[in-house]
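The block underneath contains the structure these notes are about, expressed in structure tokens.
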Amino acid sequence: MDVRNCRGCGRLFNYLQGPHLCPACMQKLEEKFSQVKDYLEDNPHATIPEIAKDNEVSTRQIEQWVREERLYFSDDSPYGIGCERCGKIIKTGRFCDSCRNDMANTFQNAYQKKEAPKPKSSRVTSERDKMRYLDR
Ligand SMILES: [Zn+2]
Ligand SMILES: [Zn+2]
């Protein structure tokens with residue numbers, strides 16, 4: 001059993017996963033989230049400090065919801081949050097599209113290099129291997 005102090009109220013609770021919050025504080029946080037969601041429907045152009053002030057929630061918490069893709073800035077909003085890799089302003093999540101693509105490619109390349117080291121000279125052989133495999 002993993003017993004921790006709740007980050008919200010300081011009480012000890014059985015920690016399972018996710019944020020270090022007891023069930024009661026989790027519940028409160030979820031209520032806060034739906035409050036902010038409603039608020040954003042009425043005020044789609046609100047900035048993070050405005051949302052924080054009007055809903056009594058920390059700017060860090062709002063940013064976390066944006067990073068978790070639970071909140072996002074509307075497409076026509078001039079506001080956003082910086083990509084964690086290049087700093088470009090994005091509407092939700094952690095990275096901009098090009099960084100996401102970059103990282104996917106880097107990962108794929110690294111994966112291919114590691115898992116499939118094909119010698120350049122044996123192309124014919126590997127073609128034959130492939131056909132033999134398909135015949136089976
Ligand atoms: Zn708590
Ligand atoms: Zn980026």
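If you're wondering where the values come from, they're calculated on a predicted model, not measured in any experiment. Ligands are counted one by one from 1 in listed order, and the atoms in each one are counted from 1 as well.
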In the shown structure, where waters are left out, how many protein N, O or S atoms lie under 2.8 Å from the Zn ion (ligand 1)? 4

Strictly distance-based, threshold 3.5 Å: is any side-chain N or O of Glu30 a donor or acceptor partner for the main-chain N or O of Gln27? no

Just by distance, do the side chain of Asp2 and the backbone of Tyr15 share a donor-acceptor pair under 3.5 Å? no

For the metal site, I want the angle between atom SG of Cys99 and atom SG of Cys86 with the Zn ion (ligand 2) at the apex, to 10°. 110°

Heavy-atom closest contact (Thr59 atom, Ala52 atom, distance): CG2-CB, 3.7 Å

Counting only N and O atoms by type, is there a donor-acceptor contact under 3.5 Å from the side chain of Thr92 to the main-chain atoms of Leu71? yes

Exercise: identify the closest heavy-atom pair between Glu63 and Ile48: CG-CD1, 3.8 Å

More than 12 non-hydrogen atoms from neighbouring residues, nucleotides or ligands closer than 6.0 Å to OH on Tyr72, yes or no? no

